[in-house]
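A quick write-up on the structure given underneath.
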2 protein chains.
Amino acid sequence: MADITKQKIVEQLKEAGVSPSEQRIAVFSFLHHNHIHPTADTIYQSLSPDYPTLSKTTVYNTLKLFVAKRLIQVVAIEDGELRFDVNTDFHAHFKCRECLEVIDLFDIPEPQCPTETQLIAESTQLNFYGICDQCKGKLEEQS
Amino acid sequence: MADITKQKIVEQLKEAGVSPSEQRIAVFSFLHHNHIHPTADTIYQSLSPDYPTLSKTTVYNTLKLFVAKRLIQVVAIEDGELRFDVNTDFHAHFKCRECLEVIDLFDIPEPQCPTETQLIAESTQLNFYGICDQCKGKLEEQS
DNA sequence: ATGTTTATTGTAATGATAACAAATCTTTAA
DNA sequence: TTAAAGATTTGTTATCATTACAATAAACAT
Ligand SMILES: [Mn+2]
Ligand SMILES: [Mn+2]
Ligand SMILES: [Zn+2]
Ligand SMILES: [Zn+2]
């Protein structure tokens, strides 16, 4: 997957004005190496074994800080779960209603807010909801 | 705004296979006459004076039923609040970070999920986040 | 070294939604 | 008409993600 070094991670944090603590490096690394749009809880559960003293509050604090510093973006694709993405460039997402995975779609151009509306858009989210290929196959198998 | 009659409301509910109780008519009417993408709580607070015995659980149940019967759609534009829309046709939304209003944008064509992805999209949400004209004016005034 | 700022932690609070079971209304059919 | 069955509504309680808060610990500066 991603082959970013710890060096680069630390650099990126410093550039954004975020002092690179162990915990922050761990969270940012996880996001860089796992492009699965994880929730705060998923990140916490995944890091816990390696960082036994890590607190869930720290994960929340860290993610909020990263979002404020524009290091990551929030993907609010479904209510009740905030997901996070290291890729801050515009791209669309697809959520499968069966496996609940969120898939990146990079080939869709960013829709533009019509200028005559006088609305100034600062970010755009394009979300598709449906069923992925694998899950479709499994469902057809059953019937 | 909308000038739909109670007759039409009842008809629409029956057509969808929903028996038109007082509460369901009230909720559906509210959505038809107030295109403000309200949350369950906003609907409950708004109807309470006229329907003093109305329960919040009924509002939640009713909205869930309406969504299942495709009478309304969910607008998950921000985490922590589900909003509802009687307009089930595709259209984009704009949320202002100052006044928190959600504005309809009808002139943007529905983006399509690329066919080569093998993903079958059943619905699409296009959300813009930024600042509306009014709020922009107010902020400039202050500085 | 010592005081000051920053980061982390654990616990408690919040707030939206769902689960549940009792109560009431509506429909069915004897 | 009436009584059982089914559907709907209601109030209370539980759940779960997130935030608030205050205490501890670490990093930094004098
Ligand atoms: Mn993504
Ligand atoms: Mn709308
Ligand atoms: Zn799937
Ligand atoms: Zn505004």
Side-chain angles (χ1 to χ4, degrees), chain A residues 9-10 13-14 16-30 36-69 71-85 95 100 102, chain B residues 9-10 13-14 16-30 37-69 71-84 95 100 102:
Chain A
I9 297 274
V10 170
L13 291 176
K14 281 183 181 167
V18 172
S19 54
S21 69
E22 278 289 302
Q23 293 87 338
R24 287 168 178 172
I25 293 170
V27 170
F28 203 39
S29 286
F30 183 84
I36 57 175
H37 312 93
T39 63
D41 190 64
T42 300
I43 296 170
Y44 172 72
Q45 299 296 342
S46 304
L47 294 180
S48 261
D50 289 326
Y51 300 82
T53 71
L54 181 67
S55 142
K56 197 177 270 191
T57 298
T58 298
V59 175
Y60 277 106
N61 289 344
T62 300
L63 291 168
K64 182 170 285 188
L65 177 68
F66 288 176
V67 171
K69 298 291 186 180
L71 283 165
I72 63 175
Q73 70 163 309
V74 175
V75 179
I77 197 166
E78 198 100 29
D79 185 69
E81 58 168 36
L82 281 183
R83 289 164 166 264
F84 299 90
D85 195 335
K95 179 160 184 177
L100 306 182
V102 173
Chain B
I9 296 275
V10 171
L13 291 175
K14 282 183 181 168
V18 172
S19 54
S21 69
E22 278 288 302
Q23 293 87 339
R24 287 168 178 173
I25 292 170
V27 170
F28 203 39
S29 285
F30 183 85
H37 313 93
T39 62
D41 191 64
T42 300
I43 297 171
Y44 172 72
Q45 299 295 343
S46 304
L47 294 180
S48 261
D50 289 325
Y51 300 82
T53 70
L54 181 67
S55 142
K56 197 178 270 192
T57 298
T58 297
V59 176
Y60 277 107
N61 289 343
T62 301
L63 291 168
K64 183 170 285 189
L65 177 67
F66 288 176
V67 171
K69 299 290 185 178
L71 283 164
I72 63 175
Q73 69 162 310
V74 175
V75 179
I77 198 166
E78 198 101 28
D79 185 68
E81 58 170 34
L82 280 184
R83 290 165 166 262
F84 299 90
K95 178 159 185 179
L100 307 182
V102 173

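Within every chain, numbering begins at 1; the chains are lettered A, B, ... in the order of the sequence lines, protein sequences first and strands thereafter.
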Just grab all the ring-ring contact (aromatic ring centres under 6.0 Å, His included) pairs involving residues 37-63 of chain A, residues at least two apart or on different chains. H37(A)-H93(A)
Using the test side chain to side chain donor-acceptor pair (under 3.5 Å), find all partners of [X] that sit at least two apart in sequence or belong to another chain.
X: S19(A); value: R24(A)
X: K56(B); value: D41(B)
X: Q23(B); value: none
X: T39(B); value: T42(B)

Listed pairs, N/O of protein and of nucleotides 21-25 of chain C, under 3.5 Å:
none

Set of side chain to side chain contact (heavy atoms under 4.5 Å, CB included) partners for K64(B), sequence neighbours left out: none
The side chain to side chain contact (heavy atoms under 4.5 Å, CB included) partners of L100(B) (sequence neighbours excluded) come to K95(B)
Heavy-atom protein contacts under 4.0 Å, nucleotides 5-20 of chain C, coded B base, S sugar-phosphate only, - none: --SSBBB----SBSBB
